[in-house]
Structure formats: structure tokens, C-alpha cells
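The sequence lines fix the lettering, A, B, ..., with proteins before strands; numbering per chain opens at 1.
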Amino acid sequence: MAIKGAIVIDTERCKGCSVCVGACPNQVIALSKNVNGKGYNYAEATKDDCIGCASCAMVCPDGVITVYKAKL
Amino acid sequence: MFNPDIIKPENLVYKRTNVLTDAVMHYCPGCGHGTIHRIIAEVIEEMGIQDKAICIAPVGCSVLAYNYFNVDSLGAAHGRAPAIASAIQRLHPNHHTFTYQGDGDLAAIGTGETIHACNRGENIVIIFVNNGIYGMTGGQMAPTTLLGMKTATTPYGRCVELNGYPLQITELLADLPGTYYVTRQSVQTPAAVRKAKKAIRQAFENQKNHKGTSFVEILSNCNSGWKKTPVEANKWMEENMMAKYVPGDIKVDGVKVR
């Protein structure tokens, strides 16, 4: 049994501050090369190592990250 | 998107609280204000006091706080939030009136109101966001600016001869008999955010039990004013701000612990 997590980022609200990038214990999050409607390089998940710890969501100033977790 | 099959309502661990409105916050990217708004809103949601919470918005970066909190709000004149909160809480003793103030508002123009409200032991919660600078007006020196720190009005760094010492208003307020709970927290890491949230919860619980003034200082970055990236600003805060403004509880249950 493994714990798997997933994050959903509201990319239009994300301001690309990258505080979540450093908060992730598994280095899952990185800033995208693409930009959103406001011109910010938004955060995105880059691999499937997420454990659903919600550390990224805890430090996100704009509350754009939704976190899911399940035992598979 | 990765692991799309677990994105189901029953697996939800964390989502943005409904006590915040859908408005996009005007704060700079990475600003601690957004995080602090969110944890206050989460505490209000967890305690189920959304219909009883009253937010007093200050003047400063957080002047538009009433657009973001989905609770009854009122905008106070510069620095006068504790005075207005005192009146509202006296008229509605079972409600939860809290002020949300920055260091320019609370520790400069509003020093008198803050000290007297705390000294009267008004049953209010004061959230004090300390970033050591006047953020909204362009990064001028605030009373809480560190010695040697460069700002728009101290381009060679703050010096004692000209500008005096940084004001540690939280320690000052802890000496007053009216304050029941005085603490200093920060929001730069997930652990710190969780601790800060716990402190805010404690403050609202004290208010529920009519214990007196609860004062929560939260250290925050001002990356625009400090001329740093959000991540660098958080690091700078840990290294410099926390040396002067040491996080932790200062007064718990009416007894000074530090």
C-alpha cells in the first residue's frame, strides 16, 4: 500500500511566487514555462511523487492549491 | 496532471476555505498577507463563527481586507482599529471582533489606541502583521524597521542617532495587565504556518471565554519593499527579522513566559 497524492492548481489565480516550490518535500512542483492570463509563470506539478502532505497549500499566499490524498 | 484518478471529493485533504471570497487578492506575489488572511479564515470556519466574526480592516496594504473576508467588516481610520473594535465588542459581547493591522498602522499612528485598548483589557483579537516597512506607500521606514535596514527614507540604513531604535511593541504590550495572550509567529514555512494558525485559534478561543485582549504578532515578508524575490525575502526574514523579533509565546493565560 502506498500513499499517493495529487494537487490541482488554479493556474489563473497563481502569481508564480514559487514559495510552494521550496515547501514541497519531494520537489514535485516547479514553475511552468508558460504564463497565465496575467503573465505569471504559474506553478505546476512536474512528477507523480506527490504524497498529499499539503505543505504547498499551507504556504500558498493565494490559496490556489487543492490537495487530494488516497491509499492505493 | 498527475494521479488524476485520486482527484475525487472523498480524497480531498485541503481546499481553499469559503470564508474567503472569490476575489483575487491584490497583494504582491509571495506576500505573507495572503497566507495570514487564509489561516484566519480557516480558524473562523473551523470554529463555526462566520456569522459572528467582525473584521476591522486597517489602513495599509491590507486596507482592502474587507473584500477578501466573507464576514462583516468595517474599515477604520488609520491606526484606530482597536478603538473601533473595542466599541463593537462591547456592544456585541458574544461576537468575535478582530482587527487586522500592519506595523505602520498599529505601531506608528495607532500606538496610542493599541496600548490603551490592551491596557483596558478589551475582549478583542488583534492580528499584527509585522514586515518592518511601510509596504503600500513605497517602502518607507516604519517604527519596526531593523537597524541598518535600507528603506526609501533610510537609503544608508536605519541609524540610532537619526531614527532611534526598532519598536518592540509586542514585548511592550505583554507588560500590560489587560493582555491575556501575547505571541509572535511567522508564516514562511508550512510548519510556521501551522503554528501561527494554532496561535490564532487560541486567540479566538480566549475571546470566546471572555478572557481579555489576545495579541498575535505575525512576522511576514514584504518582498517588494525589501527588493527581494519572495523566497529570498523569507530567508532574509529568518536570518535578520527573527534575530530581533524572536518568535514564540510571550504571555500565555495572563502570565509572562518570556
Side-chain angles (χ1 to χ4, degrees), chain A residues 1-32 35-72, chain B residues 1-42 61 68 186-197 220-221 223-224 228-235 237-238:
Chain A
M1 194 151 63
I3 293 175
K4 278 281 175 193
I7 53 170
V8 178
I9 298 174
D10 186 347
T11 53
E12 275 310 304
R13 296 175 74 103
C14 177
K15 293 178 183 164
C17 68
S18 76
V19 174
C20 57
V21 175
C24 179
N26 285 356
Q27 291 82 43
V28 170
I29 308 173
L31 292 192
S32 172
V35 294
N36 62 15
K38 287 193 172 157
Y40 293 121
N41 293 88
Y42 53 83
E44 62 179 7
T46 56
K47 48 185 179 177
D48 70 346
D49 290 349
C50 179
I51 50 168
C53 68
S55 291
C56 52
M58 266 289 150
V59 292
C60 177
D62 293 276
V64 302
I65 306 177
T66 310
V67 186
Y68 298 87
K69 182 158 89 172
K71 283 180 185 169
L72 296 177
Chain B
M1 194 182 293
F2 294 92
N3 304 328
D5 45 321
I6 62 172
I7 297 175
K8 295 176 202 154
E10 65 264 30
N11 293 338
L12 183 73
V13 182
Y14 186 92
K15 81 182 244 297
R16 195 172 189 270
T17 166
N18 291 329
V19 180
L20 288 177
T21 61
D22 286 336
V24 176
M25 293 186 191
H26 71 280
Y27 302 119
C28 305
C31 177
H33 271 304
T35 315
I36 301 165
H37 278 25
R38 188 164 46 74
I39 54 178
I40 294 172
E42 283 171 12
C61 282
Y68 307 135
S186 62
V187 288
Q188 82 285 18
T189 61
V193 174
R194 288 193 166 95
K195 270 181 81 179
K197 190 175 161 185
S220 168
N221 69 49
N223 47 72
S224 304
K228 289 175 171 49
T229 66
V231 175
E232 282 172 12
N234 278 339
K235 197 160 167 266
M237 184 177 85
E238 281 183 343

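Here the straight-line distance linking atom OG1 of B/T35 with atom CD1 of B/I39 works out to 7.5 Å at 0.5 Å rounding.
Between the side chains of B/Y68 and B/H26, a donor-acceptor pair is found at a separation under 3.5 Å.
Heavy-atom distances place no part of A/C20 under 4.5 Å from chain B, backbone and side chain included. Of the two parts of A/V8, only the side chain, counted from C-beta on, holds a non-hydrogen atom closer than 4.5 Å to a non-hydrogen atom of chain B. Residue B/A233 does not touch chain A at all, counting heavy-atom pairs closer than 4.5 Å.
By the 4.5 Å heavy-atom criterion applied to side chains, A/S18 and B/V231 are counted as neighbours. Contact of the B/H37 side chain with the B/Y27 side chain is registered, since non-hydrogen atoms from C-beta on lie closer than 4.5 Å. Using a 4.5 Å heavy-atom cutoff, the side chains of B/C31 and A/P61 are not in contact. Using a 4.5 Å cut-off on side-chain heavy atoms (C-beta onward), A/Y42 and A/K15 make no contact. A/V59 has its side chain out of reach of B/V187: every pair of non-hydrogen atoms, C-beta onward, lies at least 4.5 Å apart. Side-chain contact between B/L20 and B/R16: present, with at least one pair of heavy atoms (C-beta onward) separated by less than 4.5 Å.
Taking chain A as the reference chain and counting heavy-atom pairs below 4.5 Å, the highest number among B/Q188, B/R194, B/K15 is found for B/R194. Per-residue counts of heavy-atom pairs under 4.5 Å with chain A were compared for B/H33, B/K197, B/R38; the largest is that of B/R38. When each of A/D49, A/V21, A/I7, A/V19 is checked for heavy-atom pairs under 4.5 Å with chain B, A/V19 comes out on top. Interface summary for chain B: among A/C56, A/C60, A/C53, the most heavy-atom pairs under 4.5 angstrom belong to A/C60.
Taking 4.5 Å as the heavy-atom cut-off, none of the residues of residues 24-31 of chain A approach chain B. Among the residues in residues 62-72 of chain A, those with a non-hydrogen atom closer than 4.5 angstrom to a non-hydrogen atom of chain B are A/D62, A/G63, A/I65, A/T66, A/V67, A/Y68, A/K69, A/A70, A/L72.
For B/K228, the NZ atom sits in a packed shell: over 12 heavy atoms of surrounding residues, nucleotides or ligands are nearer than 6.0 Å.
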